[in-house]
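Report on the structure given below.
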Amino acid sequence: MPHPSVLRQPAVPFRTLVLADDPAILTAARMASNAAGDMAPLFVASGREALRQLFRADDRPARLICQPSTAGESWPALMATARDPFAPTGLVLVREQQRPPAETAGLVSVPPEVKALTRALRTLSAGRRRSPPTTRTSWRSDWRAARSRYATSRC
């Protein structure tokens, strides 16, 4: 029997991971997590630690509150994870006031305020994940296309 994929394991429904180093953001994240009815948030200090928590086999968090400047060199991997339609963890980016805005197209980005973070966490809980891309083609048309590519490549 094949071993189940780590990526397909469900996330812990009411667990939030917080990647930040600004005390105001940490306090706002803790208060927003409590206001949203979550378990106590798990705080990490580096992007590498956040990725480790996101890809662990059990007890993965359902949401990540991220201060972009804290992610460091793990920023591209965190962005790729956030945009992956099969990843079970949602991402909330906290806008920083002294820094230029990071590239956040298509992701939830909020100011470091309790009400905004609470609203974002509740939005993610209610159905934040988009469904994986689907096509209207049947398996037969896919098979025929693959067969014709194979036939032309052999010539």
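Basis for what follows: all heavy atoms, side chains included, without hydrogens, waters or symmetry-related copies.
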Do [X] and [Y] touch side chain to side chain, with heavy atoms closer than 4.5 Å?
X: Thr81; Y: Leu64; result: no
X: Val92; Y: Leu117; result: yes
X: Pro112; Y: Val94; result: yes
X: Leu121; Y: Ile65; result: yes

Query raised in the report: Are Leu17 and Val114 connected, step by step, through hydrophobic side chains (Ile, Leu, Val, Met, Phe, Trp, Tyr) whose heavy atoms are closer than 4.5 Å?
Result: no
Query raised in the report: What about Leu42 and Leu93, same hydrophobic cluster or not, with Ile/Leu/Val/Met/Phe/Trp/Tyr joined at side-chain heavy-atom distances under 4.5 Å?
Result: yes
Query raised in the report: Do the side chain of Ser33 and the main chain of Ala29 share a donor and acceptor less than 3.5 angstrom apart?
Result: no
Query - Side-chain donor/acceptor of Arg15 to backbone N/O of Pro41, under 3.5 Å - result: no
From [atom1] ([X]) to [atom2] ([Y]), nearest 0.5 Å:
X: Met39; Y: Asn34; atom1: CE; atom2: CG; result: 11.5 Å
X: Asp21; Y: Ser69; atom1: CG; atom2: OG; result: 5.5 Å
X: Arg119; Y: Glu113; atom1: CZ; atom2: CD; result: 8.5 Å

Report summary line: Heavy-atom nearest pair, Cys66 first then Leu78, reads SG-CD1, 4.4 Å
Query raised in the report: What is the minimum heavy-atom distance between Ala120 and Val110, and which atoms define it?
Result: CB-CG1, 4.0 Å
Under 3.5 Å donor-acceptor pairs involving side-chain atoms of residues 45-54, not counting sequence neighbours:
| residue | atom | partner | partner atom | Å |
| --- | --- | --- | --- | --- |
| Ser46 | OG | Glu49 | N | 3.1 |
| Glu49 | OE1 | Arg52 | NE | 3.2 |
| Glu49 | OE1 | Arg52 | NH2 | 2.8 |
| Glu49 | OE2 | Arg52 | NH2 | 2.9 |
| Glu49 | OE2 | Gln53 | NE2 | 3.1 |
| Gln53 | OE1 | Arg56 | NH1 | 2.8 |

Report task. Please name all residues satisfying side chain to side chain contact (heavy atoms under 4.5 Å, CB included) with Ala20, sequence neighbours left out, ordered by chain then number. Result -> Val18, Ile25, Leu26, Gln67
